[in-house]
Amino acid sequence: MSALQQKVASVLEEPGCATNQAKGEKERKAGCKKQLTPGAAAGGCAFDGAKIALQPIVDVAHLVHGPIACEGNSWDSRHTLSSGSHIYRTGFTTDMNEMDVVYGGEKKLYRAIKEIIDKYDPPAVFVYQTCLPAMIGDDIEAVCKAAAAKFGKPVIPVNAPGFVGSKNLGNKLGGEALLDYVIGTREPEYTTPCDINLIGEYNVVGELWQVKSLFDELGIRILATISGDGRYNDIATAHKARAAIMLCSQALINVARKMEERYGIPFFEGSFYGVSDMSDALRKISALLVRQGGPADLPERAEALIAREEAKAWARLEPYKARLKGKRVLLFTGGVKSWSVVSALQEVGMEIVGTSMRKTTANDREKVKEIMGTDAHMFDELPPREMYRMLRDSQADVMLSGGRSQFVALKAKTPWVEINQERHHALAGYDGIVNLVDEIDKALYNPVWQQVRQPAPWERPDWEQDLEEWQSCSQEECAGEVCHG
C-alpha cells in the first residue's frame, strides 16, 4: 500500500468523524474501505478541500502542482481576510502540460519552489498534489524534502489529489499535512496559562476579528488559528496551547482529536453564531482553562463580559423583533451552522421550517433536536424541485443558503440571504448576529419582492383591452404620463 493510500485509509477510519462515532474498530475499518460512487466528489474534490482548509494561512506560498485549471478553479473561492501578508492570494502553479506527462513534473516542481523562495521569501511553501502528477507518479514528498534541505525553508507536501475522494476528505488530508509537517516544529517565544487554539475557523469576511477582542479582554491569547488569518510560525507552535475550540468538526476533527491525543490539549465543539452560542463558548473555554491551570477568576470575569455584551446585543436587536417575529426561514446550509444559526434566529422570534443536515455530525443532529424539540424539520437532501415547491407554496418567507441555491429562491420570487463562505457580511460574535438579522430584515422588506410578484401585463385577464387602449393613446393625450399602469 502506498503512503497516500495509507494516509487516506487512516483518515477514513478517524474515530471522531460523524460516520465512525457509533462503530467499533472492526466495523469502522470495514465500512470505510468501500469504493466511492461516481459523482461522490461533485461538490468539490479532495484537492479542493485541502486547499480550502489551508489557504487561509496567509503568509505562506500555496503552490499547486498540476494543470493551471486546478489552481484557477479553486483560487480565492472564499472571502478569507488577512490582517497582514497577502501572498496567500497569489496563485502559484506549475502549469503542467502534455510534455510533463511524458517526462514527469518533478524537476518543474523543484524549479517552481526555488523561484517562489527567491522572489517572495515566504516562511514556508505548501505544495498541493493534484490528480495528474499523482497518476504519473510524481513524488512530491521527495521533491519537497530535497527543496527544504537545499533552500533552508519548510516545504510542506499536501498529498490530496482530487480522485481520492470528496472535499471533506480533502479537508482532513490538509489537516494531516499540518500534523505531520508543521504543528510541533517550533517553540513559542513565551506561553501563558490562557493560550488557546481555534480549529476550523477560517476568518471568512473577518469573523475572527469580531470575536478576538472578546478573548483579548479576558486575557485569553489565541495562540494559533487553524487556519483563518493564520501564520505559519504560530501554527507550528500550536502544540503549546492549553485548550482548543473546535468550530468545524466535520472538516478538522482529526486535528483536534490528535492534538489532544499527542499533546494533551482538551477541546470542545463550539459556535460563535448567535448570542447564546457565543456566550456559551466563552463560558466553556473559561472553565476549561481553569481546569488546565488558568486564573481562578476567569469564569467570573467572563460572566461580567457576557452580561455586558448580551445587553448591548439585545438592545441592538430589539427594533428587529417586531418586524421579524413569526417570519418563516428555510435554512439550507451544513455543518455547525445547521444548529447554531437555528438558535440565533429563534432568539429574535423567527420560525425555522427546515434545516439541512448536510456535512453534519451526530452531535449536530442532537443539537438541532434539542433546540427545535423535534427532528421533523431536518432533512439530509432537498432536491431543487422540492425546494422550489416549498418556496412557491409560501411555506417559507426567506431562504438562507449558499450561492448555488440562490436561483431556486429567485425563481420562486422569495427573498434570499447568503449564509455560506461567499457572503460579504460577517456573522460571528455579538456583532455578527446583528449583521445577520439586519441582512434578513433588508431582504424581507425589499420592495422588489412585491413588484416581481405582481402578474405581468400579459398575464392579466384584460391584457388585450389594455394593449389596444395603450396603442390608441397618442403621445399628446398622454402628456408624458404612463397610461393604464
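Along the sequence shown, residues are numbered consecutively beginning with 1. All values below were derived from every heavy atom in this structure, side-chain atoms included, with hydrogens, water molecules and symmetry-related copies excluded. Quick caveat, the model's predicted, so the values are computed rather than measured.
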K.L.:
Hey, does V158 have a side-chain heavy atom less than 4.5 Å from the side chain of L54?
P.N.:
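Side-chain contact under 4.5 Å: yes.
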
K.L.:
Give a yes or no on whether a salt bridge exists between D216 and R221, defined as a side-chain N under 4.0 angstrom from a carboxylate O.
P.N.:
no

K.L.:
Give the intermediate values and the outcome of side-chain contact (heavy atoms from CB on, under 4.5 Å) for residues L345 and L436.
P.N.:
CA-CA 9 Å; L345 298 181; L436 175 59; 4.0 Å; yes

K.L.:
Can you tell me how far the CG atom of L198 sits from the CD1 atom of I196, to the nearest 0.5 Å?
P.N.:
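Going from CG on L198 over to CD1 on I196, the span is 4.5 Å.
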
K.L.:
My understanding is that only residues two or more places apart in sequence, or in another chain, count here; which of them pass ring-ring contact (aromatic ring centres under 6.0 Å, His included) with F126?
P.N.:
H62

K.L.:
When you measure from the side chain of N446 to the backbone of V448, do you find a donor-acceptor pair of N or O atoms at a distance under 3.5 Å?
P.N.:
yes

K.L.:
Can any side-chain N or O of T93 pair as donor or acceptor with the backbone N or O of V64 at less than 3.5 Å?
P.N.:
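Yes, the answer is positive, given that a donor and an acceptor are paired below the 3.5 Å cut-off.
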
K.L.:
Would you say the side-chain atoms of R257 pair up with the backbone N or O of I253, donor to acceptor, closer than 3.5 Å?
P.N.:
no

K.L.:
Can you check whether R328's main-chain N or O pairs, donor with acceptor, with E351's side chain at less than 3.5 Å?
P.N.:
no

K.L.:
Is the closest side-chain heavy-atom distance between L330 and L400 below 4.5 Å?
P.N.:
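Not in contact.
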
K.L.:
Please check if the side chain of E347 supplies one atom and the backbone of S276 the other of a donor-acceptor pair under 3.5 Å.
P.N.:
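Checked: pair present.
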
K.L.:
Quick check: closest heavy atoms across A134 and F163, and the distance to 0.1 Å?
P.N.:
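Minimum heavy-atom separation between A134 and F163: CB-CE2, 3.7 Å.
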
K.L.:
State, without any angle test, whether E141 and Y181 hold a side-chain donor-acceptor pair at a distance under 3.5 Å.
P.N.:
no

K.L.:
Take Q55 and R89 through the test side-chain contact (heavy atoms from CB on, under 4.5 Å) and record every step on the way to the result.
P.N.:
CA-CA 8 Å; Q55 181 138 8; R89 297 191 68 241; 5.7 Å; no

K.L.:
Taking atom CD of Q406 and atom CD of E418, what is their separation to the nearest 0.5 Å?
P.N.:
7.5 Å

K.L.:
Could you check whether E261 pairs with K258 (Lys NZ or Arg NE/NH1/NH2 to Asp/Glu carboxylate O, under 4.0 Å)?
P.N.:
no

K.L.:
So F47 and Y128, would you call those rings parallel, tilted or perpendicular, with 30° and 60° as cut-offs?
P.N.:
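F47 vs Y128 ring planes: perpendicular.
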
K.L.:
Looking at W449 and P415, what are the two nearest heavy atoms and their distance?
P.N.:
CZ2-CA, 3.4 Å

K.L.:
Ignoring hydrogens and angles, tell me if any N or O in the side chain of N435 forms a donor-acceptor pair with the backbone of H425 under 3.5 Å.
P.N.:
no

K.L.:
Check E217 with R308, please: is the shortest side-chain N to carboxylate O separation under 4.0 Å?
P.N.:
yes

K.L.:
How long is the gap from OG on S286 to CD1 on I306, to the nearest 0.5 Å?
P.N.:
7.0 Å

K.L.:
Begin with the C-alpha distance, continue with both residues' side-chain angles, and end with the deciding distance and a verdict on side-chain contact (heavy atoms from CB on, under 4.5 Å) for I220 and T192.
P.N.:
CA-CA 9 Å; I220 298 174; T192 77; over 6 Å; no

K.L.:
Decide yes or no for M278 and L214: does some side-chain heavy atom of the first lie under 4.5 Å from some side-chain heavy atom of the second?
P.N.:
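Yes, side chains in contact.
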
K.L.:
When you look at V127 and L109, which way does the side-chain contact (heavy atoms from CB on, under 4.5 Å) test go after all the steps?
P.N.:
CA-CA 9 Å; V127 177; L109 173 59; 3.7 Å; yes

K.L.:
Any carboxylate oxygen within less than 4.0 angstrom of a Lys/Arg side-chain nitrogen, looking at E201 and K212?
P.N.:
no

K.L.:
Is the closest side-chain heavy-atom distance between M96 and P133 below 4.5 Å?
P.N.:
yes

K.L.:
Any side-chain donor paired with an acceptor under 3.5 Å for E187 and H239?
P.N.:
yes

K.L.:
Output yes when a side-chain donor or acceptor of T130 lies under 3.5 Å from a complementary backbone atom of H65, and no otherwise.
P.N.:
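Indeed, once roles are kept as given, a pair shorter than 3.5 Å links the two residues.
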
K.L.:
Any salt bridge between K327 and D397, counting N to O under 4.0 Å?
P.N.:
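No, K327 and D397 are not salt-bridged.
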
K.L.:
Give the minimum heavy-atom separation between V58 and I87, together with the two atoms involved.
P.N.:
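Looks like O-CG2, 3.3 Å.
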
K.L.:
Would you indicate whether K321, at its atom NZ, is surrounded by more than 12 heavy atoms from other residues, nucleotides or ligands within a distance under 6.0 Å?
P.N.:
yes

K.L.:
Any non-hydrogen side-chain atom of Q129 less than 4.5 Å from a side-chain atom of P157?
P.N.:
no

K.L.:
Is there a donor-acceptor pair under 3.5 Å between the side chain of T225 and the backbone N or O of G228?
P.N.:
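Confirmed, T225 side chain pairs with G228 backbone.
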
K.L.:
Taking C-beta and beyond as the side chain, do P67 and D95 meet within less than 4.5 Å on heavy atoms?
P.N.:
no

K.L.:
Could you walk me through whether E71 and K51 satisfy the salt bridge (Lys or Arg N to Asp or Glu O under 4.0 Å) test, starting with their C-alpha distance in whole Å, then the side-chain angles of each, then the deciding distance to 0.1 Å, before giving a yes or no?
P.N.:
CA-CA 9 Å; E71 169 63 347; K51 190 90 179 313; 2.7 Å; yes

K.L.:
With a sphere of 6.0 Å drawn around NZ of K153, does it hold more than 12 non-hydrogen atoms of other residues, nucleotides or ligands?
P.N.:
yes

K.L.:
Decide salt bridge (Lys or Arg N to Asp or Glu O under 4.0 Å) for D195 and R242; before the verdict, give the C-alpha distance in whole Å, the side-chain angles of both, and the deciding distance to 0.1 Å.
P.N.:
CA-CA 6 Å; D195 287 347; R242 298 295 185 92; over 6 Å; no

K.L.:
Are K312 and E309 close enough for a salt bridge, meaning some N to O gap below 4.0 Å?
P.N.:
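Answer for the salt bridge query: yes.
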
K.L.:
Might you point out which heavy atoms bring P384 and V408 nearest each other, and give the distance in Å?
P.N.:
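Reported closest heavy-atom pair: O-CG1, 3.9 Å.
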
K.L.:
For Q346 and I352, indicate whether the former's side chain and the latter's backbone hold a donor-acceptor pair under 3.5 Å.
P.N.:
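Side chain of Q346 to backbone of I352, a donor-acceptor pair under 3.5 Å: no, none is there.
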
K.L.:
Determine the minimum heavy-atom distance between S82 and R231, stating which atoms define it.
P.N.:
OG-NH2, 4.5 Å

K.L.:
Any Lys/Arg nitrogen of E176 or K172 sitting under 4.0 Å from an Asp/Glu carboxylate oxygen of the other?
P.N.:
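Salt bridge absent between E176 and K172.
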
K.L.:
What distance do T237 atom OG1 and N233 atom CG have between them, rounded to the nearest 0.5 Å?
P.N.:
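CG of N233 is found 8.0 Å from OG1 of T237.
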
K.L.:
Any donor-acceptor pair under 3.5 Å linking the side chain of D59 with the backbone of Y232?
P.N.:
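Present.
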
K.L.:
Within this structure, what is the CD1-CE distance for the pair I226 and M246, rounded to the nearest 0.5 Å?
P.N.:
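The distance works out to 8.5 Å.
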
K.L.:
Is the shortest heavy-atom distance from the side chain of Y202 to the side chain of S227 under 4.5 Å?
P.N.:
yes

K.L.:
Side chains of T80 and N203 only: does a donor on one sit below 3.5 Å from an acceptor on the other?
P.N.:
no

K.L.:
In Å, rounded to the nearest 0.5 Å, how long is the span from NZ of K284 to CG of D277?
P.N.:
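Reported to 0.5 Å precision, the distance equals 8.5 Å.
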
K.L.:
Run the salt bridge (Lys or Arg N to Asp or Glu O under 4.0 Å) test against E310 and tell me which residues pass, sequence neighbours left out.
P.N.:
none

K.L.:
Check whether any side-chain heavy atom of R316 lies under 4.5 Å from a side-chain heavy atom of W314, and answer yes or no.
P.N.:
no

K.L.:
What are the two closest heavy atoms between A313 and V275, and how far apart are they?
P.N.:
CB-CG2, 4.2 Å

K.L.:
Are a donor atom and an acceptor atom from the side chains of W209 and S83 found within less than 3.5 Å of each other?
P.N.:
no

